[in-house]
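Since this is a predicted model, take the numbers as computed values, not measurements.
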Amino acid sequence: MGEENQTTVAEFIFLGLSQDLQTQILLFVLFLLIYLLTVLGNLLISILIFMDSRLHTPMYFFLRNLSFADLCFSTSIVPQVLVHFLAKRKTISFLGCMAQIVVSLLIGCTECALLAVMSYDRYVAVCKPLHYSSIMTQQVCLQLAIGSWASGTLVSLVDTTFTFQLPYQGQNIINHYFCELPALLKVASADTYSTEMAIFAMGVVILLAPVCLILVSYWNIISTVIPMQSGEGRLKAFSTCGSHLIVVVLFYGSGMFNYMKPNSKIMNERDKVVSVFYAVVTPMLNPIIYSLRNKDVKEGLRKLAGRKLFSERW
């Protein structure tokens, strides 16, 4: 037993997204720009929703939770990646790898649940407008948000418990740019079948189940919207849901590609590129999509900008 502990790896080495120095510098600039936009965009959305009383509605309550999750998700991954773009030796300690997986999984799984909750909110708003305020009460919204974070925490704990009970001895080179379950399992020193099955089962719970709820919600929304006599009413309903649907396709599509398929011992370069979408790009796109496609948010931004300009003059 003591001999095994001596051979357990103390750190992991990442191969990163590219071995070429010039490409790494270009990627550093690109990822830094994306991260700054992510932080700025999500902070702005959170502050705006907090300050503008017109945005104190269930939809924006969930959007604020999503913005906070995006900010945490990106921060758990991108700063470390930026440092590694400039470092010759891209390493992370065993404990650091464990912490990154726990946090990124918790936040990522919470986002899956939040997006499903947001689709339910849109379903009630479009299909049951007269009962919306009585169904989506403050207490219900709080319970749905807490449930989303609790489900993310549960899935993260189950996945990491199964993953880190495996022995990691000898092989410590990870063909990836951050610690992620599919990449880490490839360097385990034992059979990973039971762990893969546990991760797949959790994937069904946190990926497929919310997707089914989202599809049912949007099927009902479309069925309600199409018979509408007013073209303006149809346009407003589709516009309200369109931004959410774009986020859902980007996030779930790339996430399911990496987590809902059989694991192999070889890390494909395509898998790394796909993970960039849900780990780096989507957290930046969420505030842009919601702010550019939403009249209330744009009006709130104008109001906030006008208030700031006024205070600067006086």
Side-chain angles (χ1 to χ4, degrees), residues 11-17 27-28 30-46 63-87 90-115 145 148-164 174-185 199 202-203 206-207 247 250-252 254-259 267 271-287:
E11 64 178 18
F12 293 105
I13 302 169
F14 296 122
L15 292 184
L17 284 167
L27 286 172
F28 172 83
L30 178 62
F31 274 53
L32 178 61
L33 181 62
I34 290 173
Y35 182 62
L36 291 175
L37 287 172
T38 300
V39 173
L40 179 64
N42 285 294
L43 277 178
L44 191 59
I45 288 286
S46 297
L63 179 55
R64 193 177 173 194
N65 272 267
L66 185 67
S67 292
F68 176 71
D70 278 332
L71 191 58
C72 295
F73 191 44
S74 186
T75 301
S76 71
I77 296 169
V78 181
Q80 168 246 302
V81 177
L82 289 172
V83 170
H84 284 173
F85 278 136
L86 303 179
K90 312 176 199 308
T91 63
I92 188 171
S93 67
F94 187 89
L95 288 176
C97 182
M98 184 185 294
Q100 187 175 62
I101 284 182
V102 169
V103 174
S104 60
L105 260 182
L106 190 158
I107 303 295
C109 294
T110 298
E111 283 204 35
C112 291
L114 279 173
L115 289 171
S148 298
W149 287 95
S151 63
T153 303
L154 176 64
V155 172
S156 173
L157 287 175
V158 171
D159 282 355
T160 50
T161 299
F162 273 90
T163 301
F164 285 102
I174 300 176
N175 185 18
H176 207 33
Y177 61 97
F178 73 100
C179 268
E180 189 176 30
L181 288 186
L184 189 63
L185 289 179
I199 292 171
M202 289 296 102
I206 206 67
L207 282 169
V247 172
L250 285 171
F251 188 74
Y252 277 104
S254 54
M256 289 174 74
F257 180 85
N258 270 7
Y259 280 87
M267 189 68 186
D271 296 338
K272 290 197 281 186
V273 174
V274 168
S275 71
V276 170
F277 278 95
Y278 58 80
V280 182
V281 177
T282 305
M284 176 198 69
L285 289 180
N286 283 352

Visitor: Hey, can you tell me if Phe68 and Trp149 have their rings parallel, tilted or perpendicular (30° and 60° cut-offs)?
Guide: tilted

Visitor: Under 3.5 Å, is there a donor-acceptor pair between the side chain of Ser76 and the main chain of Gln100?
Guide: no

Visitor: Any chance you could measure Leu82, atom CG, to Phe28, atom CZ, to the nearest 0.5 Å?
Guide: 5.5 Å

Visitor: Under the 3.5 angstrom rule, does the side chain of Tyr252 hit a backbone N or O of Leu207 as a donor-acceptor pair?
Guide: no

Visitor: I need the Met284 CE to Tyr35 OH distance, nearest 0.5 Å.
Guide: 14.0 Å

Visitor: Is any side-chain heavy atom of Pro287 closer than 4.5 Å to one of Leu44?
Guide: no

Visitor: Taking side chain as C-beta onward, heavy atoms only, is Asn286 less than 4.5 Å from Glu111?
Guide: yes

Visitor: If I take atom CG from residue Asp159 and atom CG from residue Leu106, how far apart are they, to the nearest 0.5 angstrom?
Guide: 11.0 Å

Visitor: Is the count of non-hydrogen atoms from other residues, nucleotides or ligands lying under 6.0 Å from Phe164 atom CZ greater than 12?
Guide: yes

Visitor: Does a side-chain heavy-atom distance below 4.5 Å link Leu17 with Phe31?
Guide: yes

Visitor: Between Glu180 and Leu105 (side chain of the first, backbone of the second, donor and acceptor by atom type, cut-off under 3.5 Å), is there such a pair?
Guide: no

Visitor: Within the supplied structure, the quantity of interest is the number of heavy atoms (other residues, nucleotides, ligands) at a distance under 6.0 Å from Phe162 CZ; does it exceed 12?
Guide: no

Visitor: Give the minimum heavy-atom separation between Phe94 and Phe12, together with the two atoms involved.
Guide: CD1-CE1, 3.6 Å

Visitor: Please report the interatomic distance CD1(Ile174) to NZ(Lys90), rounded to the nearest 0.5 Å.
Guide: 14.0 Å

Visitor: Pair Ile206, Ser151 - check side-chain contact (heavy atoms from CB on, under 4.5 Å), show working.
Guide: CA-CA 8 Å; Ile206 206 67; Ser151 63; 3.9 Å; yes

Visitor: Considering non-hydrogen atoms only, spot the tightest contact between Cys109 and Val155 and give its length.
Guide: SG-CG1, 3.5 Å

Visitor: Where is the tightest heavy-atom contact between Ser67 and Ile45, given as atom of each residue plus distance?
Guide: OG-CG2, 3.2 Å

Visitor: Can you tell me how far apart CG (Leu285) and OG1 (Thr38) are? Round to the nearest 0.5 Å.
Guide: 8.0 Å

Visitor: Could you pull out the closest heavy-atom pair between Gln80 and Tyr177, with the gap in Å?
Guide: NE2-O, 3.1 Å

Visitor: Given 3.5 Å as the limit, does a donor-acceptor pair link the side chain of Ser74 with the main chain of Asp70, or not?
Guide: no

Visitor: When Phe73 is tested against each of Ile77, Leu71, Thr75 for side chain to side chain contact (heavy atoms under 4.5 Å, CB included), which residue passes?
Guide: Ile77

Visitor: Closest heavy-atom contact between Cys179 and Ile101?
Guide: O-CG1, 3.4 Å

Visitor: Hey, does the side chain of Ser156 reach the backbone of Gly152 with a donor-acceptor pair shorter than 3.5 angstrom?
Guide: no

Visitor: Could you check if a side-chain atom of Thr163 sits within less than 4.5 angstrom of a side-chain atom of Ile199, using non-hydrogen atoms only?
Guide: yes

Visitor: Rounded to the nearest 0.5 Å, what separation is found between the CG atom of Asn175 and the CD1 atom of Ile13?
Guide: 13.0 Å

Visitor: Can you name the nearest heavy-atom pair linking Lys272 to His176, along with the distance?
Guide: CG-ND1, 3.2 Å

